[in-house]
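To start, the structure under review is shown below, and the notes come after it.
Predicted, not measured: the structure shown is a model, and the values here were computed from it. Any value given below was found using the heavy atoms of this structure, including those in side chains, with hydrogens, waters and symmetry copies removed.
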Amino acid sequence: MVAKLEELEDELRIEQDLAEVDEMIESVEQDTEDIESGEREAKIYGVPKNRFLRLIEFEDGSHGKFRSKPGNYLKLGENVRVKHLDRDMWEVVR
């Protein structure tokens, strides 16, 4: 009985480890797709004096900015999909 319980416990541990590995693989695949397409997900965290700019932060902690168009101002805390233009400038992708 004890041997059977230990065997079941080992199987459960293996299944949990496999689930963790699957999650890591999915995360890497998503990052790879983002790099290949040049698009990334970012969150708006600031609006400087120039009201047409929006400061954004990416999941990895890096920062950038993009120009907002009149009549289409995005608010703080919104998530946006952006693609890289030049240096720290990005463009919103719809």
(request) Using a 4.5 Å cut-off on heavy atoms from C-beta on, say whether the side chain of R67 contacts that of L53. (result) yes

(request) Look up atom CD in E41 and atom CD1 in I56, then write down how far apart they are to the nearest 0.5 Å. (result) 10.0 Å

(request) Answer yes or no: is there a side-chain heavy-atom contact under 4.5 Å between D88 and H63? (result) no

(message) With a 4.5 Å cut-off on side-chain heavy atoms, are R40 and E59 touching?
(response) no

(request) Check whether any side-chain heavy atom of F66 sits under 4.5 Å from a side-chain heavy atom of L85, and report yes or no. (result) no

(request) Using the six-membered ring wherever Trp is involved, compare the ring planes of W90 and H84 and label them parallel, tilted or perpendicular (cut-offs 30° and 60°). (result) perpendicular

(request) Let me see the working for E11 and L8 under side-chain contact (heavy atoms from CB on, under 4.5 Å), right down to the final yes or no. (result) CA-CA 5 Å; E11 288 177 11; L8 291 173; 4.0 Å; yes

(message) To check you understand the geometry: which heavy-atom pair defines the closest contact between E78 and K75, and what is its length?
(response) OE2-N, 2.7 Å

(message) Minimum heavy-atom separation for F58 and G64, please, with both atom names.
(response) CE1-N, 4.3 Å

(message) If hydrophobic clusters are built from ILVMFWY residues whose side chains come within less than 4.5 Å, do V92 and I44 share one?
(response) yes

(request) State, to 0.1 Å, how close G46 and L76 come at their nearest heavy-atom pair, and which atoms those are. (result) N-CD2, 3.4 Å

(request) Can you measure from CG (D10) to CG (L5) and round to the nearest 0.5 angstrom? (result) 11.0 Å

(request) Drop me the distance from E23's CD to E26's CD, to the nearest 0.5 angstrom. (result) 7.0 Å

(message) What I'd like to find out is whether the side chain of R54 reaches to under 4.5 Å of the side chain of V47, using heavy atoms alone.
(response) yes

(request) Please round to the nearest 0.5 Å and tell me the distance separating atom CD of E39 and atom NZ of K83. (result) 7.5 Å

